Visitor: 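Input: one structure, supplied below.
Bear in mind that the values here come from a model prediction, so they are computed numbers and not experimental data.
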Amino acid sequence: MSDLAEKIPNRFEFQTACREIYQQWEEDGCFEAKVNPDRPPFTIVIPPPNVTGALHLGHALNNTLQDIRVRWHRMRGFEALWMPGTDHAGIATQAVVERRLKEVENKTRHDLGREQLVERIWQWKAEYETRILNQLRSMGCSCDWKRTRFTLDEICARAVRTTFFDLFGKGLIFRGKRLVNWDTYLQTAVSDDEVFHEEVKGHFWHFKYPVIAPKAGEPTHVTIATTRPETMLADTAVAVHPDPSAALDALEQQLKDKLVAASAKEKEAVQEQLDQLATRRQTHLPLLLTLAEMARRGTKLMLPLVNREIPLVVDRWAKPELGSGCVKITPAHDANDYEVGLRCSLPMINILNTDGTLNADAGKYAGLSMKKARVAVVEDLEALELVVEIEDRNIELAHSDRSKTPIEPFLADQWFVKMEQLAQNAMDAVIDGRVKIIPERYGKGYLDWLGEKRDWPVGRQLWWGHQIPIWTKACDSAAEAEAELARVTLLPADAAGQLTASIEAPDIVHVCIRDEHDVHEAQLEASGYVRQADVLDTWFSSALWPHSTLGWPDATPELKYFYPTSTLITSRDIITLWVARMVLMGLNNVGEVPFKEVFIHPKILDGYGETMSKSKGNGVDPIDVIDKFGPDALRFGLTWLATETQDVRMPVQFECPHCEVAVNQTKQNRERPTIECPSCKQTFSTQWAKSPADTAHKKGAVTSERFEAARNFCNKLWNAARFVMINLEGFAPQTLDVQQLPLEDRWILSRLATTIERTNAALDGYHHSEAARAVYDFAWDEFCSYYVEMAKPRLQDPEYRAATQQVLAHVLDQLLRLLHPMIPFITEAIWQELAVFGPVRTLGGQREEQPWLMRSSWPEVDSKLQDPRIENQFAKFAAALGALREIRSRQNLGPKDEVTFTVGCDPETVKLLEPMKPFFSALANATLLGLGTGLTQPDMPASISVEGMEVTVDLGKFIDVAAEIARNEKLLENAVKQVAGKQAKLSNESFVSRAPADVVDKERQSLNELQQQVESLTTTLDKLRKALGS
RNA sequence: GGGCGAGUAGCUCAGUUGGUUAGAGCGCCACGUUUACACCGUGGAUGUCGGGGGUUCGAGUCCCUCCUCGCCCACCA
């Protein structure tokens, strides 16, 4: 044996090797992509990770898939660019830094001021950007690092300003008063997408408002109900339905329709609703009719506590079937009431300060928090005996996703992007197939969302982000504003296309400046303009990512060559927020879609089916997985698990740092700061450890056993390579004529060609998991389990040694290439070792002198090597071998116990199996004595029927006769049953006449085999029984 | 309330246009260190394909229906 056996360890030492390999790739420029007209481009822009925190397993999957596609295309001869970068993630990042500031220094952002806070966030960004990029490097991502961008860097900033200026000039950016979700903690508006609902315990208060001058017979009070009593201070009306009777009729009809279609279980509930409705007609309708009449007459109510006269109005928003049938209207603090306010021309009174306290419009409650005001309002109303009833009730309360504090609906000035046309263009791109979404079903959500064409609120009252490039001046009159507009547009900047202005009716002038330009900005500010303090929604800059990173607005060679990008790989939760906006911005700015395909991959869930997150404690840091299993295992494991239809469910374990035992993570222990190892009884800490006592314990990594299979596979590959190299001594490349090779060589070459074909097809269709499985099966079940085993005796035979070496080396070489996109490190490491033996791709293909596997070429499918006859032959051989092994196993024969056997089969199979004789002896220590029909059975037979072959081992002295009889009886019983089944099927006239001929034929053949099986089992049993008797 | 998806072995998942006896990995059981690999090898056991109905010669696969779970969107005075 070669001394290589001692030199090459029997495990891949990934801890040290991967770092080195990666560094060498990088130093050698392997990741860099250049404009190269000789090659087709392939481009992926990374979904820029938020600098909020470190990457988790979801990112690991996302980036693994990108790297697979990039490496695959690079090997296929594309100029492959993977554009890396990170996202400033406006609200999210400012929120974590502010939270941290509060925790550590007990300061708010106002204590620091804008400049200092932003400075702090830049520090945070630097720290996490480094960490994130290092995580990507550790995973092996082949990004072109020299192009790394950040959504807040100068290049992106220029793209943002150019875009904003352009949209402003087209009249697509405007300011308006809108009800926004106000985060009183962060003091900013947040979009609907940044709001989550959580059920909290609350109350449902019923109040009554006095009617001013009711006529005789009319009610003196109107009852309303609310879950937020303090907002009554901002009420500007009470509404009642204009035609409560008709509304109830309509509802009743609706319920009746539903009752007809309802399932038994639903019926009960629907019927109950109908009953309630009937009751309500009695109890509430007369009053509501009166109230509607009063409203039309212009009746006023007295709003208690603030003593403001408010109208009773009619509006369809008031649902006669709910509550009292009347509803208080607070246009400035409720989205629906806002709509009512617009319809009924009601005043809108905002009682909130930006910090969540009440303002002067709240009268004597000014200065109180909403919470305190609520108590005070209820107390005061009780004192006035205006409280009718208080119910306990669970309320779905909107919370800010960023600060986790309750949202207050709030009327504020907001900047919007008009979506009508932009959205339509983005929809068209998907409808006509310029952008293909894979899997297709995700296209629906995209289209539905864009189809609403809701204007996009783009302003955020934050300090971290791209500040809106608008300078505003409030004039004293409309005329003055006109004059100001005329004056501004005469500025030299405007002549240079640097400036554009508009009037917000009636008297406010907005000026937008194209590029950052101190002189223009100073000029404006000197003449009384003030820059908008708001920054842009973070998605505004990410929407430009595919073209801004390539240098837009300049017509750079990169933009021309690499844009539109080839594919975008992301997860489904940002299809609307990000993907849709990239499409519309790409179309607006460049005039072309940003990518041709979008692939949506599954999400990674924990063992309970919950999304992983740091706040739950079930998050997994890819680095922990890499430390334990290696980057290749991380990548292969994720690729293997991420299948088409389901999210990846991944049970998670802590690893005890003392004894390395895996401790299952449960919903309980994942929230604890320390855990006692059930095995070694020592304590280790978790991510929650804060106190010195807790952090004193070693930290337990969080990983998942799901990666073991992938780690094992890498090891298998490593050792197969080790075997090949150990046996490559004296290897001298020569040109082989495949047709002259023995069948096992042609078999493995045929299987290889088929595997390449399957892998290509799978990757083409984004079936990454299928690709992984195809290569895995080939490598393990065919190359290792058969070819390598068969090579062992041949390597000892001088006649075959050279050819065997060559085929081994060739197949290994091709396998490494196929696996490289998925497991780049170990394949590169093996490739480098293999290079010692010179170029090994010698089966007639051109030689390739590449120093790096990652830069070498992707295997070609050589269809001349595909030979179904040989594959069939091998299948027969494998089946017979399996039968032999089964008999050996059940008779408890040791590997050294040699046996003889026969195979009863048709002449065709004889031809197939004849050349395989030596391998039965190599792989099952069994000598083939007879092959064909009419063989004499030994006295002590053990038989198995498989694929039309009767494999019979002469057990001689080895046999446990009783066990064998029992076994055969069971088999016979089964076979007889199946014969009956087949016979029934074949005697079914309709089957025979209606099923396709080949299916019927197959059944006949199958029956035939089964009958033979029954026959031979009977013979065998006879013999065994006789032997037992004697 | 609307939409999408899932339910197949103890666990995590495959299962192409309907067609022999439904597969893989892990786990489990038995045996085993024979020329790479115990992160290994060989063999074995384990399934009412969520329930019910239908179409069909034939259904895990197509249709209807019910149940359970997950996600997204909307709404809740």
Side-chain angles (χ1 to χ4, degrees), chain A residues 1 5 8 10-11 192 197 204 206 224-228 231 239 263-265 317-319 322-330 334 336-337 395-396 441-442 444-445 448-449 452 572-573 575-576 603 605 607 609-611 629 633 640-641 643-651 705-706 708-727 769-770 773 776-777 784-785 788-789 792-793 795-796 882 885-890 892-896 922 924-925 974 978 981-982 985 988-996 998-1000 1002-1003 1005-1007 1009-1010:
Chain A
M1 193 191 291
I8 307 174
N10 65 3
R11 287 186 193 179
D192 291 345
H197 290 82
F204 199 43
H206 301 253
I224 53 91
T226 181
T227 55
R228 302 169 66 222
T231 61
S263 64
K265 202 180 155 190
W317 167 239
K319 304 273 184 274
L322 290 174
S324 67
C326 296
V327 56
K328 67 195 264 304
I329 301 298
T330 323
D334 181 282
N336 292 301
D337 292 6
I395 297 157
E396 286 277 314
R441 68 186 122 98
Y442 291 111
K444 188 170 159 40
D448 287 352
W449 186 83
E452 292 184 25
R572 71 176 97 93
D573 33 13
I575 294 174
T576 52
K603 300 186 70 154
L605 308 175
E610 296 179 12
T611 51
F629 298 104
W640 175 274
L641 290 169
T643 54
E644 307 293 297
T645 45
Q646 308 214 25
D647 284 336
V648 180
R649 208 182 256 235
M650 187 176 281
E705 285 169 353
R706 294 272 154 234
E708 278 177 11
R711 188 263 325 262
N712 295 352
F713 175 62
C714 291
N715 190 245
K716 188 75 180 172
L717 178 71
W718 178 262
N719 277 289
R722 183 168 178 258
F723 171 85
V724 172
M725 288 188 278
I726 288 169
N727 286 289
S769 176
E770 213 176 297
R773 281 159 212 263
Y776 178 102
D777 289 346
C784 291
S785 294
V788 165
E789 290 307 320
K792 284 173 183 172
L795 285 164
Q796 308 304 317
R885 284 171 165 172
E886 192 183 328
I887 292 167
R888 294 190 66 106
S889 175
R890 75 182 192 230
N892 248 325
L893 302 188
K896 289 191 177 120
N925 198 15
N974 187 27
Q978 281 191 51
K982 297 276 178 213
K985 195 168 188 179
N988 181 342
E989 190 47 42
S990 38
F991 172 70
V992 177
S993 58
R994 302 174 87 152
D998 61 322
V999 173
V1000 178
K1002 256 189 198 165
E1003 287 295 310
Q1005 205 181 326
S1006 169
L1007 174 64
E1009 281 170 21
L1010 281 164

Visitor: Measuring only the P atom in each nucleotide, how far is B:rA9 from B:rG47? A whole number of Å is fine.
Guide: 10 Å
Visitor: Heavy atoms only, 4.0 Å cut-off, all strands: where does A:Arg711 land among base, sugar-phosphate and nothing?
Guide: base
Visitor: Would you measure the distance from the P atom in B:rG44 across to the matching atom in B:rC26 and give it in whole Å?
Guide: 16 Å
Visitor: For A:Lys716 and B:rG41, is the shortest distance between a side-chain N/O and OP1 or OP2 below 4.0 Å?
Guide: yes
Visitor: Considering every strand and a 4.0 Å limit on heavy-atom distances, what is the contact class for A:Glu452: base, sugar-phosphate, or nothing?
Guide: nothing
Visitor: With sugar-phosphate meaning primed atoms plus P, OP1 and OP2, does A:Thr330 contact a base, only sugar-phosphate, or nothing at under 4.0 Å between heavy atoms?
Guide: nothing
Visitor: Would you mind classifying the nucleic acid contact of A:Gln796 as base, sugar-phosphate or nothing, using non-hydrogen atoms under 4.0 angstrom?
Guide: base
Visitor: For the pair A:Arg572 and A:Asp647, evaluate side chain to side chain contact (heavy atoms under 4.5 Å, CB included) and give the outcome as yes or no after the intermediate values.
Guide: CA-CA 11 Å; A:Arg572 71 176 97 93; A:Asp647 284 336; 2.5 Å; yes
Visitor: Is any side-chain heavy atom of A:Phe723 closer than 4.5 Å to a side-chain heavy atom of A:Lys792?
Guide: yes
Visitor: Answer yes or no: is there an ion pair linking A:Lys328 with A:Asp334, defined by an N-O contact shorter than 4.0 Å?
Guide: no
Visitor: For A:Ala709, answer base if it contacts any base atom (sugar-phosphate contacts may also be present), sugar-phosphate if it contacts only those atoms, and nothing otherwise; contact means non-hydrogen atoms under 4.0 Å.
Guide: sugar-phosphate
Visitor: Please give the distance between the C1' atoms of B:rC63 and B:rG2 as a whole number of Å.
Guide: 23 Å
Visitor: Any protein N or O atoms within reach of nucleotides 9-12 of chain B? Criterion: under 3.5 Å, listing atom names and distances.
Guide:
residue, atom, partner, partner atom, Å
B:rC11, O2', A:Arg706, NH2, 3.2
B:rU12, O4', A:Arg706, NH2, 3.1
B:rU12, O3', A:Arg649, O, 3.4

Visitor: Which is true for A:Lys792 with a 4.0 Å heavy-atom rule: it touches a base, it touches only sugar-phosphate, or it touches nothing?
Guide: base
Visitor: Suppose you measure atom C1' in B:rG18 against the same atom in B:rC49; what distance do you get, rounded to whole Å?
Guide: 15 Å
Visitor: Suppose you measure atom C1' in B:rG10 against the same atom in B:rA45; what distance do you get, rounded to whole Å?
Guide: 12 Å
Visitor: Can you tell me if the side-chain N/O atoms of A:Asn925 get under 4.0 Å from OP1 or OP2 in B:rU34?
Guide: no
Visitor: Please confirm whether the shortest side-chain N or O distance from A:Thr643 to OP1 or OP2 of B:rA14 is below 4.0 Å.
Guide: yes
Visitor: Any base atoms under 4.0 Å from A:Lys319, or only sugar-phosphate, or nothing? Heavy atoms, all strands.
Guide: base
Visitor: How far, in whole Å, is B:rC62 from B:rU55 if one measures between their C1' atoms?
Guide: 8 Å
Visitor: Using a cut-off of strictly less than 4.0 Å, decide whether A:Gln646 has a side-chain nitrogen or oxygen near OP1 or OP2 of B:rG70.
Guide: no
Visitor: Tell me whether A:Lys603 is salt-bridged to A:Asp573, with the criterion being a basic N under 4.0 Å from an acidic carboxylate O.
Guide: yes
Visitor: If you write RNA chain B from 5' to 3' in dot-bracket form, with Watson-Crick or G-U pairs under 3.5 Å, [ ] for crossing pairs and | for pairs with another strand, what do you get?
Guide: (((((((..((((.....[...)))).(((((.......))))).....(((((..]....))))))))))))....
